[in-house]
Amino acid sequence: MLIMLVPLIMTSPAVPAAMLLLLAAAPAPAVGPGFEGQMLFHQHIVIRIPRMPAPEPMTPPEPPLPPVEFHEESGPQCVASDDLIAATIPTNDRVDVMMRGGERLRIRLDKKCRTLDYYTGFYVTAGHDGRVCAKRDSIRTRSGDECGIAKFRRLVPGD
């Protein structure tokens, strides 16, 4: 066997180096019963991100519309809970709501709800009739505070 390796050793300098490394390698550790080997996996993931076309030059935005000032008028005693679609909290003693159809109402609370604007949102539970009524129902904050609804006021844009 050694005679056959001699021509290889003479033709390539990498072969003697490889042979020396094989001879110098430490013997494999003895494997006993219950020995679990280790496997190492390497993974190479390439994510292709396409190049986006250059954005077109932007035109300057339109100037913002002037803010609309609202004034309060008398409002209903009750509203249908299904008609409440959005709300803002201007202060901790009132809530402005948008109704289905575009009408805006202000809910005046019977006390200041200090935690009303701490968490986003609040809960309103309609009565058995499906309506939310002043002097009967209340708003519950997400932190657990409860504030009664004193009255509803219509918000009308000023002229």
Side-chain angles (χ1 to χ4, degrees), residues 17-18 21-22 24-159:
L21 285 174
L22 285 174
V31 177
F35 174 79
E36 294 184 18
Q38 291 182 345
M39 297 182 105
L40 183 63
F41 292 95
H42 292 279
Q43 187 174 6
H44 185 76
I45 298 174
V46 176
I47 300 172
R48 182 178 177 270
I49 301 173
R51 183 176 178 180
M52 300 296 294
E56 296 181 20
M58 292 179 44
T59 59
E62 295 290 325
L65 295 173
V68 177
E69 297 292 326
F70 290 95
H71 65 274
E72 293 183 18
E73 293 182 354
S74 64
Q77 180 67 23
C78 298
V79 295
S81 63
D82 292 342
D83 290 343
L84 299 170
I85 59 172
T88 60
I89 304 167
T91 63
N92 59 9
D93 65 343
R94 64 183 186 213
V95 176
D96 292 348
V97 293
M98 174 77 74
M99 305 292 290
R100 192 175 314 279
E103 183 180 20
R104 293 176 186 243
L105 295 177
R106 175 162 288 158
I107 299 174
R108 292 277 182 179
L109 302 174
D110 62 0
K111 67 175 186 171
K112 291 187 184 285
C113 277
R114 301 213 183 275
T115 60
L116 188 60
D117 61 351
Y118 186 71
Y119 292 109
T120 303
F122 54 88
Y123 303 105
V124 176
T125 305
H128 62 282
D129 57 357
R131 301 183 327 156
V132 178
C133 295
K135 297 183 175 32
R136 180 187 81 178
D137 297 317
S138 60
I139 287 177
R140 184 175 301 273
T141 65
R142 293 186 64 190
S143 64
D145 197 10
E146 188 171 355
C147 301
I149 298 173
K151 60 183 167 182
F152 289 100
R153 303 284 290 171
R154 271 195 175 73
L155 291 176
V156 180
D159 292 329

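In what follows, every heavy atom counts, from backbone to side chain, and hydrogens, waters and symmetry copies are set aside.
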J.: Within the 4.5 Å heavy-atom criterion, are I139 and I149 side-chain neighbours or not?
T.: yes

J.: With the side chain counted from C-beta on, respond yes when V95 and F122 share a heavy-atom pair under 4.5 Å apart, and no when they do not.
T.: yes

J.: Test: salt bridge (Lys or Arg N to Asp or Glu O under 4.0 Å). Region: residues 122-133. Which pairs qualify, not counting sequence neighbours?
T.: D129-R131, D129-R136

J.: Working to the nearest 0.5 Å, report the span between CE of M98 and CG of L155.
T.: 10.0 Å

J.: Tell me, with the steps shown, if K112 and D145 meet salt bridge (charged side-chain N to carboxylate O under 4.0 Å, His left out).
T.: CA-CA 10 Å; K112 291 187 184 285; D145 197 10; over 6 Å; no

J.: Distance check, rounded to the nearest 0.5 Å: D96 atom CG versus R104 atom CZ?
T.: 8.0 Å

J.: Give the minimum heavy-atom separation between D137 and V132, together with the two atoms involved.
T.: OD2-CA, 3.3 Å

J.: Using a strict threshold of under 4.0 Å (side-chain N to carboxylate O), is an ion pair present between R106 and E72?
T.: yes

J.: With a 4.5 Å heavy-atom cut-off, do Q77 and F152 have their side chains touching?
T.: no

J.: Between R140 and E146, does any NZ, NE, NH1 or NH2 come within less than 4.0 Å of an OD or OE carboxylate oxygen?
T.: yes

J.: What pairs of donor and acceptor atoms, side-chain ones from residues 78-93 against any protein atom, are under 3.5 angstrom apart with sequence neighbours left out?
T.:
from	atom 1	to	atom 2	distance (Å)
S81	OG	G130	O	3.1
T91	OG1	D93	OD1	2.5

J.: Going by heavy atoms in the side chains, are S74 and R153 under 4.5 Å from each other?
T.: yes

J.: Distance-only, no hydrogens or angles: does the D110 side chain make a donor-acceptor pair with backbone N or O of G148 under 3.5 Å?
T.: yes

J.: Any side-chain heavy atom of I107 within less than 4.5 Å of one from R94?
T.: no

J.: Any pair with a residue in residues 96-131 that passes disulfide (SG to SG under 2.5 Å), sequence neighbours left out, goes on the list, sorted by first then second residue, please.
T.: C113-C147

